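Presented below is the structure to which this report refers.
For the numbers below, each heavy atom of this structure counts, side chains included, while hydrogens, waters and symmetry mates do not. Source: prediction; values computed, not measured. Each chain gets a letter, A, B and so on, in the order the sequences are listed, and its residues count up from 1.
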2 protein chains.
Amino acid sequence: MIASARLVQQACSQCALAHLCLPYGLDSDEIARLESQIIPDISIKAGHDLFVQGDPLAAFYAITEGGFKTAVFDTDGLEQIMGFYFAGDLLGLDALGDETHRCTATAIENGTVCRLPFDQIDNLLTQLPSLRRRLMRLMSRALTDEEHQLLTLGRKSSEGRVATVLLDFSQRLAMRNLDSSIVPLNMKRTDLANYLGMRVETISRVLGRFQSKGILNSTRKEVEIHDWLALRAYAGSGAWVADQ
Amino acid sequence: MIASARLVQQACSQCALAHLCLPYGLDSDEIARLESQIIPDISIKAGHDLFVQGDPLAAFYAITEGGFKTAVFDTDGLEQIMGFYFAGDLLGLDALGDETHRCTATAIENGTVCRLPFDQIDNLLTQLPSLRRRLMRLMSRALTDEEHQLLTLGRKSSEGRVATVLLDFSQRLAMRNLDSSIVPLNMKRTDLANYLGMRVETISRVLGRFQSKGILNSTRKEVEIHDWLALRAYAGSGAWVADQ
DNA sequence: CGATTGTTTGAGGAATATCAATATGTGTGG
DNA sequence: CCACACATATTGATATTCCTCAAACAATCG
């Protein structure tokens with residue numbers, strides 16, 4: 001599982017996830033200056049928040065173990081889950097604009113994080129253009145991810161949505177050199193349903209249909225992908241809208 | 001109409017839309033340096049692209065007249081419209097991360113733009129921290145907007161979606177000191193439908209229903225809002241999901 | 001003015017939500 | 001370590017929303 005993989009050393013320079021994280025693209029000297037500022041190995045229990053929507057930006061967090069969800073809450077209390085994040089992902093970039101968090105980040109299982117105090121990072125930013133570029137790049141990636149999600153919610157059927165999220169998780173496993181054919185679903189079904197704009201029962205049924213077609217094998221905690229082509233077909237055009 | 005309003009002078013320092021645009025928050029000296037770099041008053045015809053997904057970032061564009069849509073295209077050619085933009089809005093920020101446009105910007109009607117060549121802006125960025133902050137802020141706002149849209153697509157019924165987009169457009173009129181109760185719908189219904197993840201027929205029916213309830217008056221080109229409370233109620237919880 | 005494009009309206013059907021019941025898992029205290 | 005209570009997941013039956021297809025209507029452009 002992504003969750004239980006312990007791929008991380010104390011310091012960035014020895015961290016197996018550095019290529020996904022903030023240090024990527026920095027030289028060893030710059031990494032040294034960065035890692036002197038971070039507080040590694042903070043453990044977070046399932047259900048606890050790293051930060052809450054509206055909080056002033058105090059720190060970024062690099063996930064070293066476990067999984068998190070981010071969500072925004074409407075004025076009416078309507079919740080929309082924006083994304084799921086796993087070891088190697090960086091949380092808190094959402095607050096870069098006005099130094100206030102625009103979403104809430106909650107652990108979906110026990111895990112550990114590195115804390116990167118914002119003051120210190122901000123200082124480093126003025127000194128290290130490469131770090132500034134890296135941060136910009138990560139922020140830009142966040143925008144791209146949200147756009148993909150908009151496309152998923154706007155244009156795809158329930159089968160297309162489920163196929164898409166499975167392939168997305170799978171690809172993120174591959175980026176971590178983990179088995180991409182076994183996709184853990186550590187979040188609750190309600191969270192997944194909320195993220196995909198559908199209901200838990202529908203998720204259940206779609207997974208059931210995929211399983212009976214031999215596309216995958218589904219249990220409560222994970223999905224094993226068998227027929228990649230079929231799944232990609234569902235994710236691609238598995239929609240009521242090939243036209244318009 | 002937003003579209004036909006000609007609120008703009010040649011230069012930023014005299015531009016009625018400066019408070020929405022890049023110059024906001026800069027002092028007069030900084031604005032002078034910025035406006036010396038821009039090419040104002042470029043006219044764009046309906047249907048033409050300012051930039052295309054995949055293009056290297058050459059310039060930002062400030063809309064001075066008219067309206068634009070941005071869209072991303074899937075590998076399968078699936079199109080999702082990401083947003084609509086009007087006079088005072090800045091286009092091209094999507095490319096800040098890797099200096100490549102992630103979406104296509106198309107004029108939905110004839111209009112004019114100011115061109116801000118990226119090289120020049122990039123130079124200014126190293127010299128003007130306030131401009132850097134401003135750009136960051138605008139990028140962050142783009143993220144927030146997309147998150148709202150995710151909530152709309154993920155959680156709201158068709159009536160909720162239509163109500164939401166009308167109130168959004170209305171609010172943007174208010175920010176420009178225009179009559180916020182008369183919302184022009186200059187884009188085609190298909191574009192609006194695509195943006196909202198629904199079909200043109202459904203848009204039509206929802207507007208019809210709203211009209212017959214006295215909430216608004218709808219013509220092909222614009223909507224006049226009468227009952228704000230009702231519309232807000234639809235936009236807020238006008239959804240199949242108050243729970244979960 | 002005709003051709004084309006865009007919008008509205010109607011009837012029917014498919015996808016997915018809702019409600020209800022069952023089954024499976026998970027944690028806690030004895 | 002077991003048993004019970006509670007949370008979560010699946011399955012089934014029904015209802016509703018929204019899409020699909022078809023046609024009429026209105027606007028726009030040459």
Quiz prompt | Quiz item: Arg205(B) side-chain donor-acceptor pair to dT20(D) base, under 3.5 Å | solution = yes

Self-check item: Thr202(A) vs dA17(C): side-chain N/O to OP1/OP2 distance below 4.0 Å
Solution: yes

Practice problem: Keeping the roles fixed (side chain from Thr152(A), backbone from His148(A)), state whether a donor-acceptor pair exists under 3.5 Å. | Solution: yes

Exercise. For residues Leu90(B) and Tyr61(B), determine if any side-chain heavy atom of one lies less than 4.5 Å from a side-chain heavy atom of the other.
Key: no

Quiz item: Expressed in angstrom and rounded to an integer, what is the separation of Arg199(B) atom CZ from dT20(D) atom P?
Solution: 4 Å

Quiz prompt | Phosphate OP1/OP2 of dT16(C): any Ser158(A) side-chain N/O under 4.0 Å | solution = yes

Quiz item: Can a donor-acceptor pair under 3.5 Å be found between the side-chain atoms of Glu201(A) and the base atoms of dC19(C)?
Solution: yes

Quiz item: In whole angstrom, what separates Lys45(A)'s NZ from dG27(C)'s P?
Solution: 13 Å

Quiz item: Rounding to a whole Å, what distance do you find between Glu109(B):CD and dC29(D):P?
Solution: 13 Å

Exercise. Round to a whole Å and report the spacing from CZ of Arg209(A) to C1' of dT16(C).
Key: 9 Å

Quiz item: Where the side chain of Arg189(A) is defined as all heavy atoms beyond and including C-beta, which of dC18(D), dT7(C), dA9(D) is the nearest nucleotide?
Solution: dA9(D)

Quiz prompt | Rounded distance (Å) that lies between atom P of dT8(D) and atom CG of Asp191(A) | solution = 10 Å

Quiz item: Just how far, in rounded Å, is C1' of dA17(C) from CG of Leu196(A)?
Solution: 15 Å

Quiz prompt | Audit row: Arg141(B), Asp89(B), salt bridge (Lys or Arg N to Asp or Glu O under 4.0 Å) steps and yes/no | solution = CA-CA 12 Å; Arg141(B) 163 121 25 108; Asp89(B) 289 328; over 6 Å; no

Exercise. Could you verify whether a donor N or O on one side chain and an acceptor N or O on the other, from Tyr195(A) and Gln149(A), lie under 3.5 Å apart?
Key: yes

Quiz prompt | Integer-rounded Å distance: dA15(C) C1' and Met198(B) CE | solution = 16 Å

Self-check item: Position toward the 5' end of DNA chain C (nearest nucleotide), Gly208(B) or Lys188(B)
Solution: Lys188(B)

Quiz prompt | Interatomic distance where CG belongs to Leu207(A) and P belongs to dA9(D) [whole Å] | solution = 11 Å

Quiz item: Closest to the Arg220(A) side chain: dT7(C), dA23(C), dT11(D)?
Solution: dA23(C)

Quiz item: Would you say the side-chain atoms of Gln53(B) pair up with the backbone N or O of Val72(B), donor to acceptor, closer than 3.5 Å?
Solution: no

